[in-house]
Every structure is written in structure tokens, then in C-alpha cells.
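Only one structure is covered here, and it is reproduced in the block below.
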Amino acid sequence: MKRKIALLLAVILIATLLPVQALAASGDKLIALTFDDGPAGSNTRTLLDGLRARGAHCTFFLCGYKVERYPEMIKQMWLDGHQIASHTYDHPQLSSLTDAQIRDQLAKTDSLLDDALGFGLDYMLRPPYGDYNDRVLKAANVPSFFWSMDTYDWKSLNADSVYNEFIKQARDGSIVLLHDSHMTSVTAALRAVDTLQARGYEFVTLSEMFYRRGITLENGHIYFNAYPGSYGTADRISAPVVTNENNDSGKQITISGDSRGAVYYTVNGETPNPKNSTLYTGPFTVSGTTTVKAVSVLQWNGLKSDVTTEQVKYTPAPTPKISFDNGVISISCASENAAVYYTCDGSAPDRSSELYGESFAAEKGTTYKARAYAPGYDPSPVSMLTYSHEGHLFTDIAVDDWCYETVDKAVSAGIFKGVTETEFAPNTPFTRAMLVTVLYRMAGEPETEGMEEPFTDIPENYWCYDALVWAYNNGIINGYDDNTFRPKNYISRQALCAMLARYMRYEGKDLSGIESGLIEDYRDAKSVSAGFVSDVDILCTLGIVRGYDDGTLRPMNGATRAQAATMIMRMLDAMDTIPDVQAEDEEQVIPREAL
């Protein structure tokens with residue numbers, strides 16, 4: 001096998017010395033620096049630091065078993081703009097493996113790389129030992145890479161020798177083979193980068209070099225260099241430009257990127273990646289001091305621009321306060337020089353809206369919004385107050401919100417209470433404790449003295465202790481196997497269905513015969529746990545639970561306070577149509593409309 005590899009290398013060397021096409025029209029000189037067999041602990045850390053300081057990028061061909069040791073390095077490589085590629089899991093000679101074994105080597109390594117990064121990418125291959133044939137390339141089914149420059153760093157283990165070979169062989173379009181498992185190679189590589197950058201060379205990833213040379217990489221093929229030809233060299237991928245300007249809602253952000261790719265951005269200070277970023281489609285507005293990061297992407301792995309970071313400073317005027325007292329609306333602002341504009345139709349106010357001068361009479365079923373403008377400040381955030389049809393005040397629910405009517409009725413009925421006097425927290429996850437409290441109120445808060453106290457994590461002074469005891473003793477809730485209730489846990493949609501069905505039975509409603517199989521109409525019906533199927537189907541049939549627009553139920557998802565309030569109010573309406581349980585000797589008739 002060694003003789004076979006030696007002959008192969010000789011053939012490759014001869015091929016690389018043959019005449020090539022004319023130099024690139026643009027004159028750009030590119031080199032693809034590649035490192036095999038890593039990551040390699042402190043050596044790789046030193047290499048990453050050195051490349052970052054020099055603005056140089058490379059491609060790392062990584063072994064899966066080493067990725068398992070140093071997963072954090074993989075993320076740093078990608079964040080630094082390097083290309084991540086596969087060198088198989090444990091460095092076998094691929095020609096000695098079956099096709100299935102080759103695919104397993106790559107799939108196992110790809111999975112480890114995805115886990116280390118936190119998102120999935122496509123990974124190219126360098127066959128270990130440079131050992132490949134047509135069958136190997138076909139089985140791998142990804143672009144594969146050999147090299148045109150071998151410094152024999154693994155053999156000499158001498159930094160000066162490796163550096164001299166590097167400089168002697170360096171050529172526009174070369175692929176350089178090195179190993180970061182040797183510190184001598186790291187030292188030599190960084191020294192060579194300094195020398196060649198001074199001579200006008202640019203160190204790029206493999207994907208970038210081949211793209212800029214107009215070479216399309218194909219699965220099942222292997223590549224040795226990207227020497228310049230008559231087609232020239234494309235410009236590097238330019239980083240986006242982020243600009244901002246004031247508008248009435250905050251700062252309008254505009255991003256212009258390289259026209260050859262798409263722009264992705266974040267507004268939370270994180271570097272954009274395939275999982276956390278948003279595709280830029282047009283200007284957007286932020287309403288506070290924000291760190292915008294943007295990148296132009298042709299491919300997320302090895303073919304993207306540098307990241308642009310823009311600190312958008314936003315100094316808003318004080319937020320005006322809308323107050324309600326004895327049927328009168330008043331608006332105040334902490335800034336004496338502020339001009340406050342307001343609306344009564346739920347729209348966001350601007351300078352064309354009504355200028356506030358003095359208090360005025362409130363009208364039920366109205367959402368008031370206000371914004372302040374003050375010299376030297378950006379426009380303030382919008383404040384809101386809704387005076388509901390039932391006479392309640394909400395600062396987080398507008399009249400035109402989808403949940404407004406049911407929340408208003410639920411609060412009026414005393415079933416739900418806000419988290420403060422004016423906040424309902426509609427988007428807050430609904431917990432197990434919240435549910436038993438609501439059901440207990442609906443039942444009229446019956447006496448619990450003498451009932452069993454089953455849960456080890458609920459002291460007698462717990463805020464919903466009586467509700468928990470009542471719900472357990474009436475078969476509405478169950479605890480966990482360790483006798484805990486875990487009141488702060490979020491409740492799933494399917495568990496919420498089960499508890500509502502149990503409550504209806506507690507109230508004496510006969511749910512037998514209501515199941516219709518309607519649950520089967522949902523695309524994810526099979527994901528409902530076996531013990532919940534019947535109750536979920538009953539609530540679907542009664543219209544208490546309705547699916548999402550995409551035809552799913554999402555039974556394991558949690559529910560928000562607004563969603564729970566809506567389901568419970570629907571349940572109360574449905575209960576009026578459901579007959580009570582009849583004595584055994586009485587004929588039971590279920591109204592057709594209940595089905």
C-alpha cells in the first residue's frame with residue numbers, strides 16, 4: 001500500500017508541474033492553507049490566535065475522534081471564518097473499507113461536527129493518507145481534496161525546514177498540506193503567512209479559492225489546485241454595510257451586502273449562523289440600543305464574508321405614562337420639555353397624531369397609546385393602556401389582539417387574575433400551579449379540610465396549596481412518581497386537555513360518546529401520548545382545542561396564559577350543551593349539537 005501511495009504522489013507532483021493557463025486577469029494571488037488531523041489542543045489554539053491576528057483563513061480537515069475531545073475549538077474555528085471539513089472519524093485508509101463503512105465514517109464525523117457547532121453544515125473531505133480511488137469518491141459523494149504543496153512537516157518536525165519548503169513551493173492557487181498536531185508546523189505556517197502576505201498573497205478557504213477562480217465543486221470529484229486561468233479571479237466577498245436613521249418608531253436599519261449572496265443578521269450581539277440569524281429582506285426598526293451583526297453568505301461553511309458589527313445607539317425620551325382615574329384618561333411624561341402625542345384607535349402615535357394637552361373622558365373598548373418627543377432624544381417607546389368592554393385595564397393587551405375578548409371575560413368572571421393590576425401577561429407560559437388555581441376558582445373554592453395532602457414539594461403555606469389538595473383529591477391532577485407536583489413546570493397542551501376533561505367530569509358532565517375521531521384530521525395526531533388521546537379528541541370535537549394553521553396540534557407544546565384562558569372560556573360555553581351524567585335507570589340522550 002505504501003508503494004501505491006508513493007506512486008500516486010509522484011503522479012500528482014508531475015501533474016502540478018505541467019503548464020497552466022495565463023495568470024488571473026485581476027492579479028489576485030490566492031493560497032488555500034489546510035491542516036489535517038486536528039484539532040490538537042494547545043497547538044490549534046495557538047494557530048487560531050495567529051491566523052486571527054493576521055486576518056488569514058484556512059480549511060481544517062478534522063478527525064471525528066478528536067472533535068469529541070475538543071468540541072469548543074470547532075465553534076471557534078467557524079466563528080473565526082475558517083472552513084470546517086472532514087478527515088473521517090478515525091483516519092482509516094478508505095480504499096480498504098466497504099462503501100457502507102466509508103459512509104459511516106463520514107456520517108459519524110458530520111454528526112459530531114454538527115453537535116459541536118450547534119447547527120448543521122455541509123462538509124468536504126480529505127481522504128486520510130491521500131488514499132482514494134473512484135469507488136471511494138463515489139461512496140463519499142462530497143467534494144474531496146488532495147494538495148499541490150507538501151512541506152513534509154510530519155517528517156522533518158523542524159520549523160525552519162517546513163517554512164523553507166512552504167516558501168519554495170508557494171504558488172498562486174496552491175493547496176498547502178500541513179498538520180496542526182505538530183507545533184513546528186504551526187510556527188512555520190504563521191511565519192510563512194507573514195512572508196507571503198507581504199508579497200501580496202491572500203490566504204483563503206478552499207471553497208472561496210475555487211469559487212473566485214470560477215471552478216464549481218462537484219460531489220464525487222477530487223481537486224488538487226486552483227491555479228489561475230484565463231477566466232480571471234473574482235473579488236473577495238465583501239462584508240455588509242449597516243446604516244441607520246431615525247424614524248418615529250426608533251432606528252430604521254438598512255443593510256447592503258454582496259450581491260452574489262444573501263445577507264443574514266442578528267440584533268442580539270451574536271455572530272449570525274444558520275440557526276440564530278434572520279434573512280435580510282428590507283429595512284427594519286429597532287427601538288433600543290442594539291448591536292447589529294451581519295454577514296454576506298454564499299455558503300455558510302467557507303464561503304461568506306467577514307462579519308460586520310454596528311452599534312446602534314438609541315437614547316429615547318422618557319416613556320409617557322397613561323393613567324386612568326374615575327373614568328378619565330391622563331398622560332404624563334418625566335421630561336418637562338417633551339411633546340406627547342396619542343391615539344385612541346390602537347395605532348402607534350407619531351407627530352401627526354393628537355397632541356396631548358389635558359385629560360379626557362375614557363371610553364370602554366378602547367386602546368390608548370402615547371409617545372413622547374423631547375429635544376436631544378430619540379422618540380420614546382410607545383406606552384399603552386386598554387380600557388376594556390368589561391371595565392378592566394390592560395397595559396399588555398390591545399382591543400384588536402386575538403385573545404382580548406376571552407381574556408376580558410375570564411378576568412370579569414374572576415377565573416383569571418392579572419400578574420399586576422394592569423398586566424395580564426398573555427404570553428407567559430401557563431404552569432401546573434396556575435391551572436389548578438383557575439379550576440379551583442371555577443369550582444367555587446370548596447373546603448379542603450381533612451383531604452389528603454400528597455405532595456412532598458408543596459408546604460402548607462404555598463400560595464395555591466388548597467387548590468392543589470382539592471384538585472388531587474377530586475382526580476383532576478396527578479403527581480410525579482416521586483410524590484412531587486412541580487408546580488412551576490409548564491403544562492403541555494395534551495395535559496391541559498386531560499385536566500379540562502377531568503374537570504368537566506368533576507362537574508358531572510357526561511363525556512361518553514363525544515369522541516369523534518376528529519383528532520385524526522391533524523397531521524401530528526400520532527404524537528399525542530396514548531393516555532391522552534381520548535381526552536384530546538373530546539376537546540377537539542367540542543371545539544375547545546383547535547389546531548394551528550399548518551394542520552398540527554403540537555400536543556407537547558406548552559400553552560400561554562392567553563391560550564389557556566381561551567380554551568377554558570370555550571370549555572365553559574361547551575359545558576352548557578353537554579348533559580349531566582344520568583342515573584343508571586334513566587335513559588341518557590346526548591344532544592346532537594353537543595357532538
Side-chain angles (χ1 to χ4, degrees), residues 287-288 318-326 329-332 334 346 348 362 364-370 380-445 455 457-471 476-477 485-493 495-496 499-500 503 557-572:
S287 57
T319 304
K321 180 180 179 181
I322 307 175
S323 303
F324 174 91
D325 186 28
N326 292 324
I329 295 291
S330 301
I331 307 176
S332 60
K364 287 185 176 181
T366 303
T367 294
Y368 301 96
K369 292 186 177 181
S380 79
V382 174
S383 56
M384 181 181 81
L385 182 69
T386 295
Y387 183 33
S388 79
H389 287 83
E390 299 289 342
H392 304 295
L393 300 175
F394 299 114
T395 55
D396 52 5
I397 297 178
V399 170
D400 58 358
D401 285 342
W402 71 270
C403 62
Y404 164 75
E405 185 176 351
T406 52
V407 168
D408 197 22
K409 290 179 179 179
V411 173
S412 291
I415 297 171
F416 276 77
K417 296 180 181 179
V419 296
T420 69
E421 290 185 359
T422 60
E423 291 178 287
F424 183 79
N427 298 317
T428 297
F430 202 54
T431 65
R432 288 163 60 82
M434 290 177 187
L435 177 59
V436 295
T437 300
V438 168
L439 297 180
Y440 184 53
R441 290 174 186 154
M442 291 167 57
E445 301 185 351
F455 303 119
D457 59 338
I458 306 296
E460 288 190 21
N461 62 351
Y462 196 72
W463 68 273
C464 61
Y465 176 82
D466 287 343
L468 292 169
V469 172
W470 165 82
I476 294 173
I477 61 170
F485 180 71
R486 306 177 198 176
K488 296 181 181 179
N489 281 11
Y490 302 148
I491 190 165
S492 68
R493 284 166 58 84
L496 180 56
M499 292 188 192
L500 294 185
Y503 176 79
N557 281 19
T560 64
R561 282 170 53 85
Q563 290 170 337
T566 299
M567 290 173 63
I568 288 170
M569 297 308 292
R570 289 175 186 162
M571 180 191 72
L572 291 176

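Every heavy atom of this structure was used, including side-chain atoms; hydrogens, water molecules and symmetry mates were not.
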Test item: [X] and [Y] side chains (from C-beta on) under 4.5 Å apart, heavy atoms:
{"X": "M384", "Y": "I397", "value": "no"}
{"X": "T367", "Y": "D400", "value": "no"}
{"X": "M442", "Y": "L572", "value": "yes"}
{"X": "M499", "Y": "I477", "value": "yes"}
{"X": "K321", "Y": "S332", "value": "yes"}
{"X": "I329", "Y": "L385", "value": "yes"}

Which residues pass the ring-ring contact (aromatic ring centres under 6.0 Å, His included) test with F430, not counting sequence neighbours?
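F430 satisfies ring-ring contact (aromatic ring centres under 6.0 Å, His included) with F416 once adjacent residues are dropped.
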
Quick one: ring-ring contact (aromatic ring centres under 6.0 Å, His included) partners of F324, sequence neighbours excluded?
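Listed in chain order: Y387.
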
Can you list every salt bridge (charged side-chain N to carboxylate O under 4.0 Å, His left out) pair that touches residues 403-419, not counting sequence neighbours?
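Counting only pairs at least two positions apart or across chains, the salt bridge (charged side-chain N to carboxylate O under 4.0 Å, His left out) contacts touching residues 403-419 are E405-K409.
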
[X]: partners by side-chain contact (heavy atoms from CB on, under 4.5 Å), with sequence neighbours left out:
{"X": "K488", "value": "Y462"}
{"X": "N557", "value": "R493, Y548, R554"}
{"X": "P429", "value": "Y490"}
{"X": "T437", "value": "R441, W463, C464, A467"}

Can you give me the closest heavy-atom contact between [X] and [Y], atom names plus distance?
{"X": "V436", "Y": "F485", "value": "CG1-CZ, 4.1 Å"}
{"X": "P318", "Y": "S380", "value": "O-CB, 3.5 Å"}
{"X": "T431", "Y": "P487", "value": "CB-O, 3.5 Å"}
{"X": "A565", "Y": "F424", "value": "CB-CZ, 4.4 Å"}

How many angstroms lie between [atom1] in [X] and [atom2] in [Y], if you round to the nearest 0.5 Å?
{"X": "Y465", "Y": "I458", "atom1": "OH", "atom2": "CD1", "value": "9.5 Å"}
{"X": "L496", "Y": "M567", "atom1": "CG", "atom2": "CE", "value": "4.0 Å"}
{"X": "M569", "Y": "M571", "atom1": "CE", "atom2": "CE", "value": "9.5 Å"}
{"X": "D401", "Y": "T386", "atom1": "CG", "atom2": "OG1", "value": "7.5 Å"}
{"X": "I415", "Y": "L439", "atom1": "CD1", "atom2": "CG", "value": "9.5 Å"}
{"X": "T395", "Y": "E421", "atom1": "OG1", "atom2": "CD", "value": "11.0 Å"}

Report the C-alpha distance between W470 and I476 in whole Å, list the side-chain angles of each, state the deciding distance to 0.1 Å, and finish with yes or no for side-chain contact (heavy atoms from CB on, under 4.5 Å).
CA-CA 9 Å; W470 165 82; I476 294 173; 3.4 Å; yes

Which residues pass the side-chain hydrogen bond (donor to acceptor under 3.5 Å, both in side chains) test with [X], sequence neighbours left out?
{"X": "D396", "answer": "none"}
{"X": "N427", "answer": "none"}
{"X": "Y503", "answer": "E507"}

For R486, enumerate each residue passing the salt bridge (Lys or Arg N to Asp or Glu O under 4.0 Å) test, keeping only those at least two apart in sequence or located in another chain.
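Salt bridge (Lys or Arg N to Asp or Glu O under 4.0 Å) list for R486, sorted by chain: D482.
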
So which pairs with a foot in residues 392-414 pass ring pair (Phe, Tyr, Trp, His ring centres under 6.0 Å), sequence neighbours left out?
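Checked against ring pair (Phe, Tyr, Trp, His ring centres under 6.0 Å) - neighbours excluded - the pairs reaching residues 392-414 are H389-Y404.
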
Side-chain (Q563) to main-chain (T560) donor-acceptor, under 3.5 angstrom:
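Yes; judged by distance alone, with no hydrogens or angles, the pair exists.
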
Mark yes or no for whether K369, through its side chain, and G346, through its backbone, hold a donor-acceptor pair below 3.5 Å.
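Yes, because the side chain of K369 sits within donor-acceptor range (under 3.5 Å) of the backbone of G346.
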
